[in-house]
Amino acid sequence: MRYHTRKIVKPGDLNSNETLFGGRLLEWIDEEAALYGVIQLENKRVVTKFMSEINFVSSAVQGDIIEIGMEVVKFGRTSLILNCEVRNKLTHKTIIQVENITLVNLDENGMPTPHGKTKVEFVKNRLAQD
C-alpha cells in the first residue's frame, strides 16, 4: 500500500463526539481515489461507480495526522478497482478500510470507454520516457 496524501484533523472535521466525522473522511477518500484514477488512466473524466463495505476500525481526533493509502486491485476494460486504507501517520493505527472502490473511465460524452491500461505506472517513469 502506498500512502499519497496526508491530512490534519481540524475542528471543522469533527462530529459531535469530537472525533473525525465519517462523512469528511469518505469525502477525502473519494477525492484521493479520483486523483489516483485520473493519474493512472491519464484521463480527467474518471468517476466513482462503487464503494464496497466501509470498515471504520478506529477514530481520529483533532490534531491527528492521517494518511490515505491506495493500491490497485484490478484493471478492468473501462474500470479501475482500488483498495484503500486510512491510518494515523504517527501510530500507523488503521482508521478505515475500503476493500473496493470502482472507478470508471469516461469519454467526452460521459460514456464508459476503454482505457488500455494493464498495470500501475508511476509518473516519474512516464516523464523519463518523454
Side-chain angles (χ1 to χ4, degrees):
M1 177 88 51
R2 290 181 175 265
Y3 293 85
H4 301 277
T5 298
R6 295 180 184 131
K7 301 275 189 180
I8 187 163
V9 179
K10 298 180 277 194
D13 302 323
L14 303 178
N15 59 27
S16 59
N17 197 40
E18 298 295 316
T19 59
L20 178 58
F21 176 56
R24 173 78 74 219
L25 185 51
L26 291 173
E27 175 187 349
W28 292 342
I29 289 169
D30 191 39
E31 180 179 39
E32 182 69 15
L35 289 169
Y36 192 92
V38 165
I39 291 166
Q40 281 302 307
L41 302 180
E42 299 181 90
N43 179 13
K44 67 180 181 178
R45 293 182 183 94
V46 174
V47 296
T48 304
K49 177 175 176 34
F50 175 80
M51 269 195 194
S52 68
E53 180 177 313
I54 298 161
N55 185 11
F56 289 94
V57 178
S58 65
S59 59
V61 296
Q62 184 177 333
D64 281 354
I65 299 169
I66 65 162
E67 54 186 359
I68 303 170
M70 295 278 168
E71 67 183 357
V72 173
V73 174
K74 178 183 173 188
F75 284 90
R77 193 175 71 81
T78 64
S79 64
L80 174 63
I81 301 173
L82 303 173
N83 175 278
C84 173
E85 180 180 85
V86 178
R87 68 183 185 182
N88 181 298
K89 171 65 178 162
L90 300 177
T91 67
H92 288 188
K93 188 173 182 181
T94 300
I95 297 169
I96 192 173
Q97 295 173 318
V98 184
E99 292 298 317
N100 178 325
I101 302 171
T102 302
L103 304 173
V104 176
N105 190 57
L106 302 178
D107 65 16
E108 59 278 350
N109 298 313
M111 300 302 296
T113 188
H115 49 66
K117 304 292 183 175
T118 59
K119 65 180 182 175
V120 173
E121 295 178 343
F122 298 98
V123 173
K124 66 180 181 180
N125 295 338
R126 283 189 200 139
L127 295 175
Q129 294 172 0
D130 289 340

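Computed from a prediction, not measured in an experiment: that's the story for all the values here.
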Measure across L82 and M70 and return the closest heavy-atom pair with its distance rounded to 0.1 Å.
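Heavy atoms of L82 and M70 come nearest at CD1-SD, 4.0 Å.
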
So which heavy atom on I8 is nearest to which on W28, and how close?
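Of all heavy-atom pairs spanning I8 and W28, the closest is O-CH2, 4.4 Å.
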
For T5 and E32, test the side chains for any donor-to-acceptor distance below 3.5 angstrom and give the result as yes or no.
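A donor-acceptor contact under 3.5 Å links the two side chains.
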
Do T78 and N105 pair up side chain to side chain, a donor and an acceptor below 3.5 Å, judged on atom types alone?
no

Could you tell me whether the side chain of [X] and the main chain of [Y] form a donor-acceptor pair under 3.5 Å?
X: N17; Y: T19; result: no
X: N43; Y: R45; result: yes
X: D30; Y: A33; result: no
X: R77; Y: H115; result: no

Distance, nearest 0.5 Å, that separates [atom1] of [X] from [atom2] of [Y]:
X: S58; Y: K93; atom1: OG; atom2: NZ; value: 5.0 Å
X: L35; Y: H4; atom1: CG; atom2: NE2; value: 10.5 Å
X: L41; Y: E121; atom1: CG; atom2: CD; value: 9.5 Å
X: R87; Y: D64; atom1: CZ; atom2: CG; value: 14.0 Å
X: E18; Y: Q62; atom1: CD; atom2: CD; value: 7.5 Å

I'd like to check [X] versus [Y] (side-chain heavy atoms, cut-off strictly below 4.5 Å). Are they in contact?
X: T48; Y: I101; answer: yes
X: V57; Y: I96; answer: no
X: Q97; Y: F56; answer: no
X: V72; Y: Y36; answer: yes
X: F50; Y: V104; answer: no
X: S59; Y: L20; answer: no

Under the criterion side chain to side chain donor-acceptor pair (under 3.5 Å), which of E71, E85, E67 is the partner of Y3?
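Among E71, E85, E67, the one meeting side chain to side chain donor-acceptor pair (under 3.5 Å) with Y3 is E85.
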
Is V38 reachable from V120 through a run of I, L, V, M, F, W or Y residues, each pair having side-chain heavy atoms under 4.5 Å apart?
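Yes, it is one cluster - the side chains of V120 and V38 are joined through contacts under 4.5 Å.
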
Is it true that atom CE of M1 has more than 12 heavy atoms of other residues, nucleotides or ligands lying nearer than 6.0 Å?
yes

CZ of F21: more than 12 outside heavy atoms within 6.0 angstrom?
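Not more than 12 within 6.0 Å, no.
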
Could you go through the side-chain contact (heavy atoms from CB on, under 4.5 Å) check for V73 and N100 one step at a time?
CA-CA 8 Å; V73 174; N100 178 325; over 6 Å; no

Given the options L80, I39, L103, L106, V46 meets side-chain contact (heavy atoms from CB on, under 4.5 Å) only with L103

Report the residue from I66, V98, T94 that forms a side-chain contact (heavy atoms from CB on, under 4.5 Å) with V86.
I66

Yes or no on side-chain contact (heavy atoms from CB on, under 4.5 Å) for K119 and K117, after CA distance, side-chain angles and deciding distance?
CA-CA 6 Å; K119 65 180 182 175; K117 304 292 183 175; over 6 Å; no

side-chain contact (heavy atoms from CB on, under 4.5 Å) between I54 and L26, worked out:
CA-CA 9 Å; I54 298 161; L26 291 173; 3.6 Å; yes

Hey, mind stepping through V9 and L14 against side-chain contact (heavy atoms from CB on, under 4.5 Å) and telling me if it holds?
CA-CA 8 Å; V9 179; L14 303 178; 3.7 Å; yes

